[in-house]
Amino acid sequence: MSDQKIPAVVVSGRSADMGESLSAIRQFVSSASQQAGLDKQAVYKLTLAVDEIAANIFIYGYRDTVPDAKIGIAGQISDGLLTVRLEDSAPAFDPVEHLKTAEFDLDVPIDERIPGGLGIKLAIDNVDAFRYEYLDGRNCNIFMMKRPGKS
């Protein structure tokens with residue numbers, strides 16, 4: 001099988017549209033996952049991961065400071081992998097690097113820890129691979145799931 005690109009969908013990044021936009025993102029992930037032949041557990045994990053990062057873009061990235069804020073989602077199916085790419089133009093934020101910071105130290109007693117970040121950890125831990133890139137003023141969160149029975 002040659003790579004199959006799944007056409008991008010662009011949704012509003014304004015918080016007033018968050019419910020509708022997240023619903024469209026979830027639908028995209030569900031459809032792409034079905035096309036890739038992922039099982040229900042993998043679909044759930046990928047949807048959870050993408051939903052968490054997308055919600056963070058609304059809440060912490062754009063913060064309603066960009067009137068025409070947009071979030072794009074696209075996918076690609078290859079022989080052994082489904083790749084979903086979530087892009088936005090909010091200020092740069094690398095979730096992987098955030099998990100390496102001192103403020104996200106799980107060894108610190110819970111009553112001394114700064115709240116937040118566990119959703120990011122949950123998102124990254126629920127996919128087979130995660131990568132972040134900042135290209136041309138855009139955050140690119142890349143989620144990868146192995147396709148069952150494919151090499």
Side-chain angles (χ1 to χ4, degrees), residues 1-63 66 68-107 116-151:
M1 170 186 195
S2 62
D3 288 359
Q4 174 189 349
K5 290 195 183 292
I6 302 168
V9 170
V10 177
V11 300
S12 170
R14 295 179 5 167
S15 62
D17 301 322
M18 185 174 172
E20 184 178 325
S21 293
L22 287 176
S23 180
I25 289 169
R26 286 184 207 111
Q27 181 57 44
F28 179 94
V29 172
S30 177
S31 176
S33 297
Q34 288 175 0
Q35 290 177 54
L38 299 186
D39 61 36
K40 286 183 181 184
Q41 184 177 15
V43 174
Y44 176 79
K45 288 180 172 186
L46 179 59
T47 303
L48 177 71
V50 173
D51 190 71
E52 174 62 28
I53 299 299
N56 284 348
I57 293 167
F58 282 98
I59 297 166
Y60 304 110
Y62 285 129
R63 298 182 190 209
V66 180
D68 61 341
K70 302 286 185 212
I71 298 172
I73 186 167
Q76 183 170 328
I77 301 170
S78 63
D79 285 340
L81 206 60
L82 167 62
T83 302
V84 173
R85 185 178 185 98
L86 192 64
E87 294 189 12
D88 66 85
S89 58
F93 179 79
D94 182 344
V96 176
E97 287 302 313
H98 175 73
L99 293 180
K100 296 177 185 176
T101 63
E103 70 182 52
F104 186 78
D105 184 355
L106 292 178
D107 293 328
L118 291 176
I120 293 170
K121 179 166 178 36
L122 180 68
I124 292 172
D125 286 353
N126 267 293
V127 293
D128 292 320
F130 178 87
R131 194 171 75 236
Y132 171 83
E133 299 172 351
Y134 189 75
L135 300 170
D136 300 323
R138 298 186 62 76
N139 293 291
C140 305
N141 294 279
I142 304 162
F143 307 82
M144 291 159 272
M145 295 297 283
K146 294 176 185 170
R147 298 177 64 207
K150 306 291 181 184
S151 55

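All values reported here derive from a predicted model rather than from experimental measurement.
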Sequence neighbours excluded, which residues qualify as salt bridge (charged side-chain N to carboxylate O under 4.0 Å, His left out) partners of [X]?
X      : result
Asp94  : none
Glu97  : Lys100
Arg138 : Glu87
Asp128 : none

Check your understanding: Any ring pair (Phe, Tyr, Trp, His ring centres under 6.0 Å) pairs touching residues 122-147, not counting sequence neighbours?
Key ->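 Of all non-adjacent pairs touching residues 122-147, those that pass ring pair (Phe, Tyr, Trp, His ring centres under 6.0 Å) are Phe130-Phe143.
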Are side-chain heavy atoms of [X] and [Y] found at a separation under 4.5 Å?
X      : Y      : value
Val66  : Asp68  : yes
Val127 : Val84  : no
Leu82  : Gln35  : no
Leu118 : Leu122 : no
Arg85  : Cys140 : yes
Ser78  : Thr83  : no

For [X], side chain to side chain donor-acceptor pair (under 3.5 Å) partners two or more places apart:
X     : result
Ser15 : Asp64
Asn56 : Glu52
Lys40 : none
Thr47 : none

Review point. How far does CD1 of Ile53 sit from CG of Asn141, to the nearest 0.5 angstrom?
Key: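 Nearest 0.5 Å value for the CD1-CG distance: 5.5 Å.
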Taking side chain to side chain contact (heavy atoms under 4.5 Å, CB included) as the test, write out the residues that go with [X], two or more places apart.
X     : result
Val11 : Val9, Ser21, Ala24, Ile25, Ile71
Ala74 : Ala8
Gln41 : Asp39, Lys45

Exercise for review: Tell me, yes or no, whether the heavy-atom count around Glu20 atom CD, taken from other residues, nucleotides or ligands under 6.0 Å, exceeds 12.
Suggested key: no
For [X] against [Y], the heavy-atom pair lying closest together:
X     : Y      : answer
Ala32 : Ile6   : CB-CD1, 3.5 Å
Pro95 : Ile120 : CB-CG2, 3.6 Å
Phe93 : Asn139 : N-OD1, 3.0 Å

Review point. Are Ser31 and Gln27 linked by a side-chain donor-acceptor pair shorter than 3.5 Å?
Key: no
